[in-house]
Amino acid sequence: MSVATKTESTTADGDSRSWRTLQRVILPGDADQETLPLYLDAGTSAGAFGDSPTTVRGERQAKPARAADGANTASYEDVVSRTATSARPGQRLSFSTYFNAFPASYWRRWTPLRTVRLRVVTKGAGTVSVYKSNARGSLQHVETTRVKGATESTFDLSLAPFGDGGWYWFDVTAGAEAVAIQAAEWLTDEEPRTNGDITVEITTLNKTDFCINNLRILGEHPEALQSVKEVLVVDQGTQKVAEADGFAEVAAALGGKLRIINQDNLGGSGGFARGMYEAVKNDSDYVLLLDDDVVVEPESITRLAVFADYCKKPTLVGGHMFDLHDRNVLHTLGEVVNPYIIGPDEPNPDQQMRHNFSQETLRDTAWMHRRVDVDYNGWWMCLIPTQVIREIGLSLPVFIKWDDAEYGVRAKAAGYPTVSLPGAAVWHVSWIDKDDMVGWQSYFHTRNRFIFALLHSPYEHGGGLVENSLKLDLKHNISMQYYTVQGRIDALRDLMKGPAGLHGMLPTRLPEIRALAAGYTETQFKPDVDEFPAVKVARLPRRGKGFSVPSLVKLAPWLAKNVIRQVATPVTDQRQQHPEAVVAHQDNKWWRMSQFDSAIVSNAEGSAASWYKRDPKLVRKLLVDSVKVHGEVLRQWPRLKAEYRDALAAITSVEAWEKTFAEHSEISEN
């Protein structure tokens, strides 16, 4: 039974209709004070008592004129409870925030709703003002009502103008005395398409602290569990969640809904596929996939479920990702795949990456008001209808990388869209603290990217994929990242073996790849740069300027000269025995690293460093192998394309995964 059914609310204005909650106003708890800008704001460009708004072409702009008065600054002291806050005398509180503005354009596009009702319960004298924005980020005042004493204000609002974008929100302004905002919610009197229940699944590998924390959060918010049939942890590690401190307490708090499955490390795709499989078997309507290294906003579960229930058709609904270490920073509003190179692309021109809400609020940020449509949602938080799973299968058996993108695109091709829903999110370890394009993960990135292209590329021979991949090999090679290049070459060799062995490689390929790292100096990390030999500068920088990116005009001859030096010039004994420089991770760029014969380079986390050493013989070998294997992939592309597409249904089927799970797991009931 869905949350939408269990949270019916009848207004006190004499309306006899039964109203269902679509989204309620929420506020952070004590542990999340730093995230207040995601929930509560203060001040708007249109004051409650007659200030003149800023207009452009007749439209009031979303960017507010900030008040200098401290009374108009939102503070955690204003938070009363999870759903209540208070405006101090003269203070204006705004709910034009990520978690509390209503993403009207998403409801307009993906559900049949064409009106919503806003209900605000206040106590005290002041005003409640409703605003909306359009896709251009322009603010428009909708309605203001004065409140006094205990008041329930309702506003019936149309979704018709939100075809391309826009949000609704409201502000509360206190007069001479404080105004308490006791509750607020966005409502509908329409029935949902379905009333679904959920299996919440967390895939984990030795992240017991994260898992226990998220289970504790869920236990402390029973309202988030109303539509949850089961909370499932697929534990693929050696540090077992069921043996961790605090497990008994969180299991008890979840009221018998928690189950642990222990299985061999089959990667993210193996863990998430297990969640899909179990949700189908227990007849859940949805499975909600969650990463292990996240902190979940529990209200997100409710919002994803309610939105999915109201969607016009079965729809994958995902949450956004905020930076766990800079918690007001949103990674991206939507994930797309570049159809030509099938690879990481610049942000969609309609959005920006790593937006910081503590610096620019929703009203400050015009581009954020345009609706963003996506190809897929990352599996840090993604709700998938089991109807979709029954029709198109489970995840690809690819261990990690590209499984979420491939599934979203596969579902889209079958007529099931993905929506990344604003107001639903987790905090996740940021990509800036990882470097998964080098090292052992490069194998999976490369192989799975090519598998994706074979399955879904609209271009013959994958468009620009092979050319782009060759360039990446060259960049890694002349940057002394030889282990990475070897992994990429091995990935394409495995690709050409066809799809039949993918399930069998799930538990074995990672340890085999990681074992190869012992033969490469750039993979041998030490915690302190002083543990390496002292730096000795072999040559002074030209005119003291150091290295810089070559211009496009000079790039080709510069690169040719550089490659010749890489393959033909021997490395002196001094440069073999002493690094030429210590390079910070953010400076580890191919055009800089290719100038050195050796250097100490720090890792993405800043916790260790390794010694990169140029090896002309190895450069030559890897160059030849890279060209050969890419040429062979191109030659065999028609055969591989047919093989992978013909095998897709079989390798992602319940039966195929069931066999793999049976060989690599044991079930522990809780």
Student: State which residues pass salt bridge (Lys or Arg N to Asp or Glu O under 4.0 Å) with Glu335; sequence neighbours excluded, sorted by chain then number.
Tutor: none

Student: Between the main-chain N or O of Ala411 and the side-chain N or O of Tyr376, is there a donor-acceptor pair closer than 3.5 Å?
Tutor: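 No; zero donor-acceptor contacts below 3.5 Å.
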
Student: Checking Tyr407 against Phe272 for the ring-ring contact (aromatic ring centres under 6.0 Å, His included) test, could you report, in this order, the C-alpha distance in whole Å, the side-chain angles of both residues, the deciding distance, and whether it holds?
Tutor: CA-CA 11 Å; Tyr407 199 85; Phe272 291 130; over 10 Å; no

Student: Hey, are Glu152 and Thr154 close enough side-chain-wise for a donor-acceptor pair under 3.5 Å?
Tutor: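 There is no such pair between these side chains.
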
Student: Could you tell me whether Glu223 and Arg24 make a salt bridge, using a distance below 4.0 angstrom between a side-chain N and a carboxylate O?
Tutor: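 Salt bridge: yes.
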
Student: For a quick test of reading the model, state the closest non-hydrogen atom pair linking His428 to Asp291 and the distance between them.
Tutor: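 His428 and Asp291 have their closest heavy atoms at NE2-OD2, 3.0 Å.
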
Student: Testing the basics here: between Asn100 and Val25, what is the closest heavy-atom pair and its distance to 0.1 Å?
Tutor: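 Smallest heavy-atom distance, with atoms named: OD1-CA, 3.2 Å.
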
Student: How far apart are the C-alpha atoms of Arg216 and Glu249, what are their side-chain angles, what is the distance that settles it, and do they pass the salt bridge (charged side-chain N to carboxylate O under 4.0 Å, His left out) test?
Tutor: CA-CA 8 Å; Arg216 181 177 292 112; Glu249 291 79 7; over 6 Å; no

Student: Strictly by modelled atom types, are Thr194 and Asp285 linked by a side-chain donor-acceptor pair under 3.5 Å?
Tutor: no

Student: What is the ring orientation for Trp367 with His355, classed by angle as parallel under 30°, tilted 30 to 60°, or perpendicular over 60°?
Tutor: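 Judged by the thresholds at 30° and 60°, the geometry between Trp367 and His355 is perpendicular.
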
Student: What residues form a salt bridge (Lys or Arg N to Asp or Glu O under 4.0 Å) with Asp78, not counting sequence neighbours?
Tutor: Arg88

Student: Identify which one of Tyr39, Trp186, Phe170 satisfies the ring pair (Phe, Tyr, Trp, His ring centres under 6.0 Å) criterion when paired with Phe95.
Tutor: Phe170

Student: Please tell me whether Gln226 and Thr302 have a donor and an acceptor in their side chains that are separated by less than 3.5 angstrom.
Tutor: no

Student: Looking at Ser300 and Ala424, what are the two nearest heavy atoms and their distance?
Tutor: OG-CA, 3.4 Å

Student: Could you pull out all residues at least two apart from Lys207 that satisfy salt bridge (Lys or Arg N to Asp or Glu O under 4.0 Å)?
Tutor: Asp293

Student: Would you please indicate if the ring centroids of Phe322 and Tyr98 are separated by under 6.0 Å?
Tutor: yes

Student: Just by modelled atom types, is the Gly163 backbone N or O under 3.5 Å from a matching donor or acceptor in the Arg371 side chain?
Tutor: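 Yes; judged by distance alone, with no hydrogens or angles, the pair exists.
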
Student: Between His320 and Leu333, what is the shortest heavy-atom contact and its length?
Tutor: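 Where His320 meets Leu333 most closely, the heavy atoms are NE2-O, 3.0 Å.
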
Student: Indicate yes or no for a side-chain donor-acceptor contact from Tyr106 to the backbone of Thr111 under 3.5 Å, with no hydrogens or angles considered.
Tutor: no

Student: With ring centroids as reference points, do Phe102 and Trp107 lie under 6.0 angstrom apart?
Tutor: yes

Student: Specify the closest pair of heavy atoms between Asp404 and Gly378, including all atoms of both residues, with the distance to one decimal.
Tutor: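 Scanning both residues completely, I find the closest heavy atoms to be OD2-CA, 3.4 Å.
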
Student: Mind checking whether Trp169 and Tyr131 have parallel, tilted or perpendicular rings, split at 30° and 60°?
Tutor: parallel

Student: Are any of the side-chain nitrogens in Arg82 or Glu297 under 4.0 Å away from the carboxylate oxygens of its partner?
Tutor: yes

Student: Can you check side chain to side chain contact (heavy atoms under 4.5 Å, CB included) on Phe247 and Val233, steps first, answer last?
Tutor: CA-CA 12 Å; Phe247 176 77; Val233 175; over 6 Å; no

